[in-house]
Amino acid sequence: MLHLARRNWHYLVGGVLAMIGCAAFEGVQFSAIVPLADRIFTNKAIVLPTGLPPFLVQYAAQLNATDRYVLFYGVIFLIPIFYVIKGGFVYLRGLLMNTLAHRSVMDVRGDLFRKYQELSMDFYSQKRQGELMSRITNDSGSIGNAISYGLTDIFYQTILAVMFVGIALTISWKMLVLVLIVFPINGWFIYAIGKTIKKQSIQSQEAMADLNSKLVETNQGVLIVKAFSREKHEIDRFDEINKKLYRAIIKGVRRSLILSPVTEVLAALAVIAIFWMGGRYVLEGKMSFGVFALFLTSVISIQRPIKKLAEVYNINQQALASSKRVYDFLDWKPQIEDVPNVVEAHAPTQMIRFNDVSLKYDKEQPAFIIKNFTHDFEIGRMTALVGPTGCGKTTIMNMILRFYDADSGVVSFDEQNIKDVSVLSLRRHIGLVTQDMVLFNESIRENLRYGKLDATDKEVLEAARQAMALEFIERMPEGLDTVIGDRGMKLSGGQKQRLCIARAILKSPRILLLDEATSALDPQSEYMVQQALDNLMKDRTVIVIAHRLSTIRHADCILVMEKGEIVQKGVHDELLKTSELYAKLASYHFNQ
């Protein structure tokens with residue numbers, strides 16, 4: 001917890017000082033029991049045990065010499081002042097510690113989100129979206145709760161416990177020993193229960209991640225769920241996960257609740273022992289009732305912070321489970337990183353070269369996704385990748401973007417290995433349009449500006465015009481300011497695809513990667529967008545994956561791929577005659 005709060009340490013220091021102020025005034029309130037019980041209400045002398053510090057003996061003598069009515073009105077006058085001052089410290093303590101907690105949670109969430117952006121695509125292929133969401137919502141929230149309540153009570157309740165022990169120790173160390181015998185027993189029990197709570201919390205967090213994953217998965221697939229009438233099926237699956245989470249939480253609750261009655265029973269035994277010894281001191285005149293009452297109240301009060309610390313221990317065990325998940329994630333190393341002394345990438349002027357490139361997604365498996373791939377993608381030329389599903393076409397594009405690095409071989413811009421340039425500068429030269437039409441729940445203007453954040457409205461409108469999107473944008477009531485909904489749900493498939501193309505056009509990249517970029521367009525729009533893309537191809541390298549013949553029949557070079565390898569190269573008319581695989585693909589997939 002302290003490590004997570006380290007960036008906001010000044011709030012912690014202020015909070016601890018406020019806690020010391022609260023504890024000091026609470027101690028003053030308790031000490032008022034002595035004059036109230038002995039001098040004011042019973043008009044008897046305060047009798048202290050032998051062996052106390054001289055200043056306490058002198059203070060007691062002064063109280064004994066003071067008129068009880070003076071003490072009475074003095075107490076009435078001072079108590080409200082003490083409560084006002086203590087209230088100020090309580091306010092400061094709560095404000096500073098809650099600020100510490102929420103700023104720390106903000107920092108953790110920021111760290112997690114930054115980590116999301118840093119990680120390579122291999123990480124996202126292994127993790128569920130709901131699990132990632134759980135890290136940034138539930139886990140960070142649990143940590144915040146531990147800081148705002150747990151960390152506060154660790155300091156405050158410890159200060160209180162030390163103060164009460166100090167008061168009791170000053171009065172009678174023999175009676176205090178009877179109490180302290182109980183603490184190790186209590187501590188062992190708290191520790192034993194805490195270990196099981198931590199284990200249970202890990203199970204709860206994992207169950208919560210499963211629940212979040214199910215929510216995200218079902219929400220994204222709602223169209224299929226309803227189309228296949230699988231609402232009941234999804235409800236049953238959700239109920240199963242929900243019950244698993246419930247059972248994990250209840251197990252933790254059962255273990256937490258047992259602590260309170262056990263600590264209370266042990267405390268009662270200690271109080272009985274004190275009554276036995278302290279009561280005899282009062283009856284024998286070795287101690288006044290007020291002093292005994294202060295000792296008894298202090299001992300009883302010790303149980304409050306001890307009990308609270310037991311609860312804090314449980315909170316922190318839960319937070320430890322969450323923080324472990326958070327740090328496991330923050331410690332994850334991205335596979336794609338800039339090397340030392342990295343340089344800026346320059347736009348290729350000759351070619352993008354693949355030289356004997358091979359790649360596995362799963363290093364434990366023998367099968368290669370890309371195997372001995374060698375080809376020069378020339379500048380100003382359009383190269384099409386065709387082949388059956390799973391042959392590695394999209395992987396080639398992903399390697400150009402450095403979403404994945406080759407296990408062997410070299411990918412280079414001209415003669416510059418792309419591993420030697422910064423990832424950001426590399427991707428600055430590349431525009432991507434995929435069949436997965438990713439748009440954000442923002443205005444059309446902001447979605448298009450994703451390709452160029454400082455683009456003017458004139459540039460945005462020109463890109464929309466070239467992508468054949470301007471016509472439907474102008475028909476919308478708010479034009480460029482129209483908010484398109486989550487993943488562009490308010491738009492048709494063709495409209496969404498045209499916005500994605502406009503976004504790539506606005507970036508004006510040197511390299512265009514088109515993965516089924518025109519798959520959702522009607523023939524007329526596809527033809528007009530293709531004309532715009534033809535203009536963009538000048539002095540640029542264009543790599544396209546398509547299942548429509550019209551998209552690639554005029555490509556300068558077509559690579560026919562199978563099982564991660566190039567099995568044939570050529571142009572459309574040539575390949576129809578020389579490649580049986582291409583002819584078959586053209587027949588079935590290209591509507592040939």
Side-chain angles (χ1 to χ4, degrees), residues 1-32 78-79 81-111 139-170 176 179-180 183 186-187 190-191 194 198 259 263 294 297-324 326-327:
M1 296 302 101
L2 289 171
H3 182 70
L4 291 170
R6 69 194 183 282
R7 278 175 278 187
N8 304 288
W9 62 269
H10 45 290
Y11 290 104
L12 177 60
V13 171
V16 171
L17 291 176
M19 294 175 205
I20 293 172
C22 291
F25 278 92
E26 189 146 344
V28 170
Q29 291 171 216
F30 274 86
S31 298
L78 290 174
I79 283 179
I81 296 176
F82 286 159
Y83 269 100
V84 169
I85 298 174
K86 181 187 172 185
F89 281 121
V90 169
Y91 173 79
L92 280 176
R93 179 193 72 191
L95 177 63
L96 291 169
M97 295 305 292
N98 275 281
T99 302
L100 170 68
H102 291 296
R103 287 184 68 90
S104 298
V105 169
M106 178 182 70
D107 291 340
V108 169
R109 285 175 175 160
D111 290 344
D139 291 342
S140 61
S142 178
I143 290 169
N145 184 53
I147 293 175
S148 60
Y149 296 104
L151 198 58
T152 298
D153 281 332
I154 281 176
F155 284 104
Y156 183 54
Q157 301 301 333
T158 300
I159 292 169
L160 283 181
V162 170
M163 183 190 68
F164 292 136
V165 167
I167 293 173
L169 183 62
T170 302
L176 184 60
V179 181
L180 296 180
F183 287 176
N186 208 5
I190 291 171
Y191 173 74
K198 181 181 177 181
L259 283 175
T263 54
L294 176 59
T297 306
S298 298
V299 169
I300 293 173
S301 298
I302 292 172
Q303 295 303 312
R304 176 160 55 92
I306 295 299
K307 183 178 177 182
K308 194 70 176 177
L309 285 171
E311 295 173 4
V312 168
Y313 184 72
N314 294 337
I315 291 173
N316 285 347
Q317 289 302 309
Q318 295 170 10
L320 281 173
S322 296
S323 62
K324 182 181 184 303
V326 167
Y327 277 108

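Keep in mind that what you see is a predicted model, and the values were worked out from it rather than measured.
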Roughly how far, to the nearest 0.5 Å, is [atom2] of [Y] from [atom1] of [X]?
| X | Y | atom1 | atom2 | value |
| --- | --- | --- | --- | --- |
| Asp111 | Ser104 | CG | OG | 10.5 Å |
| Tyr11 | Leu95 | OH | CG | 8.5 Å |
| Asn98 | Thr152 | CG | OG1 | 6.5 Å |

Looking only at heavy atoms, what is the nearest atom pair of [X] and [Y], with distance?
| X | Y | value |
| --- | --- | --- |
| Ala18 | Arg93 | CB-N, 3.7 Å |
| Gly15 | Leu96 | N-CD1, 3.5 Å |
| Met163 | Ala23 | SD-O, 2.8 Å |
| His10 | Arg7 | CE1-O, 4.1 Å |
| Glu26 | Tyr156 | OE1-OH, 3.4 Å |
| Asp153 | Leu309 | O-CD2, 3.6 Å |

Apply side-chain contact (heavy atoms from CB on, under 4.5 Å) to the pair Phe155 and Leu12, showing each step before the final yes or no. CA-CA 10 Å; Phe155 284 104; Leu12 177 60; 3.8 Å; yes
Take atom OH of Tyr327 as the centre, draw a 6.0 Å sphere, and report whether it contains more than 12 heavy atoms from other residues, nucleotides or ligands. yes
Residue pair Phe164 / Arg304, side-chain heavy-atom distance below 4.5 Å: yes
So Asn8 and Asp107, side-chain contact (heavy atoms from CB on, under 4.5 Å) or not? Walk me through it. CA-CA 10 Å; Asn8 304 288; Asp107 291 340; 3.1 Å; yes
One pair to check against side-chain contact (heavy atoms from CB on, under 4.5 Å): Leu160 and Lys308. What are the steps and the verdict? CA-CA 11 Å; Leu160 283 181; Lys308 194 70 176 177; over 6 Å; no
Determine, stepwise, if the pair Leu151 / Leu100 fulfils side-chain contact (heavy atoms from CB on, under 4.5 Å). CA-CA 10 Å; Leu151 198 58; Leu100 170 68; 4.1 Å; yes
